[in-house]
Every structure is written in C-alpha cells, then in structure tokens.
J.: 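One structure, as structure tokens, below. Some questions next.
Positions are given from 1 along the sequence.
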Amino acid sequence: MCATSSEKSIESGKTTIGTSGIHHLGLTIPDIKKTAAFFIEQLNFKVVGEKPAYPAIFVSDGTVMLTLWQIKDADNLTEFDRTKNVGLHHFALKVNSIEQLQTLYQNLLKLDDVDIEFAPEALGDSPFVHMMCSIPVALDLN
C-alpha cells in the first residue's frame, strides 16, 4: 500500500483505514521497452522513473502510475488465461469522451502487436462505453 488515510473512531477507539484509489499497478511483461512505448506513444503516459538493474520502468498519465517489470526468462513465460489463472484479468483506464475512445480504437487497429478483444460498445445498461485490448506482449526477436 502506498497511500491510505486514517482517522480514529470516537466510539470504538479503533483506527479506521480507508483507501483512496490506486497509487500504482505493477505488471510483469516480456518486453519492457515495447510495453513502455505503447503507454507513452498511444496513451500519452510519461516515464516517471526507471530502475535498470531491476529492470523496471515507471510510467504515469498523471493519475495512475504503472510499474513495468521485465520478466527474467521470456522464452519460458506462461501467458495469462482468464479461465484458468488467478490474477489480474484487466484494468480500465478512463478517457475524457466517446470521441477519444473511438480515436484510440482507430489508432490501435493500425498496430499489429495489440489485440482488440472488442471495439467500443455500451457497457450493459450503464451510461459508459468501453473496449478491451491487450498491451503488446510479443517479443521482437529481430
């Protein structure tokens, strides 16, 4: 945990702990440079830190920070399968308008290393529109 708020409950004398959103999310990935470039070039994130010996690159959109860790043995990685593995299935980033989401979708269609699970569509009966895509994970071995 990186950021919490606490206050004493007068009635019980216990400290109440509450969270206020995600400070950062850590992702282990097979190609740190390619993934960092995706967030920087496609989503306007900025590099806010690096730890080359780890190796890790920290990128942020000003609200959310992502820690990108390079997997040690990319040749023997196990890809995530949402039907068989416990772990992070996805995280959702907000954009400011449906038009921006549509533009992002069109930009991502041009990339051969990003899989789009579904195009922008209504999120059930909610007022939200969402899409799902993968980050680039394939290694460039050339």
J.: Kindly give the heavy-atom pair with the smallest separation between Q70 and I32, and that separation in Å.
T.: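 Closest approach of Q70 to I32, heavy atoms only: OE1-N, 2.8 Å.
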J.: What do the steps show when you test N44 against K46 for side-chain hydrogen bond (donor to acceptor under 3.5 Å, both in side chains), and what is the final call?
T.: CA-CA 7 Å; N44 203 30; K46 307 285 185 239; 3.1 Å; yes
J.: What side-chain donor-acceptor pairs closer than 3.5 Å can you find for residues 118-132, not counting sequence neighbours?
T.:
unit_1, atom_1, unit_2, atom_2, d
S126, OG, L123, O, 2.6
S126, OG, F128, N, 3.2

J.: Nearest 0.5 Å, what's the OG-CZ distance between S134 and F80?
T.: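 Spacing of OG (S134) from CZ (F80) equals 13.5 Å.
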J.: Would you say that L88 contacts L27 through its side chain, given a criterion of any heavy-atom pair below 4.5 Å between the two side chains?
T.: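 Result yes, sub-4.5 Å side-chain heavy-atom pair found.
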J.: Tell me whether I29 is reachable from I40 by hopping between hydrophobic residues (I, L, V, M, F, W, Y) whose side-chain heavy atoms are closer than 4.5 Å.
T.: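 Yes, one cluster joins them.
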J.: Would L109 and Y105 satisfy side chain to side chain contact (heavy atoms under 4.5 Å, CB included), going step by step from the backbone distance to the final call?
T.: CA-CA 6 Å; L109 281 174; Y105 170 67; 3.7 Å; yes
J.: Is L93 reachable from L101 through a run of I, L, V, M, F, W or Y residues, each pair having side-chain heavy atoms under 4.5 Å apart?
T.: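 Looking at the clustering, L93 is in the same group as L101.
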J.: Using the ring of each side chain (for Trp, its six-membered ring), is F91 parallel, tilted or perpendicular to F39, with breaks at 30° and 60°?
T.: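 Parallel, since the angle between the ring planes stays under 30°.
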J.: If you look at every heavy atom in A74 and P30, which pair is closest and at what distance?
T.: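 Between these two residues, the closest heavy atoms are CB-O, 4.2 Å.
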J.: Start with the C-alpha distance between V95 and L43, add both sets of side-chain angles, then the distance that settles side chain to side chain contact (heavy atoms under 4.5 Å, CB included), and finish with yes or no.
T.: CA-CA 9 Å; V95 295; L43 300 171; 5.8 Å; no
J.: Show me the donor-acceptor pairs within less than 3.5 Å that the side chains of residues 48-64 make with the rest of the protein, sequence neighbours left out.
T.:
unit_1, atom_1, unit_2, atom_2, d
S60, OG, G62, N, 2.9
S60, OG, V64, O, 3.0
D61, OD1, T63, N, 2.8
D61, OD1, V64, N, 2.7

J.: State yes or no: do I22 and F45 share one hydrophobic cluster built from I, L, V, M, F, W and Y residues joined by side-chain heavy-atom distances below 4.5 Å, directly or via other members?
T.: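 The answer is no; the residues belong to distinct hydrophobic clusters.
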J.: Report the residue from L25, T35, D31, I135 that forms a side chain to side chain contact (heavy atoms under 4.5 Å, CB included) with L68.
T.: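 So the option named by the test is T35.
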J.: Looking at every non-hydrogen atom in both residues, tell me the closest pair between E79 and N85 and how far apart they are.
T.: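 Scanning both residues, the minimum pair turns out to be O-OD1, 3.9 Å.
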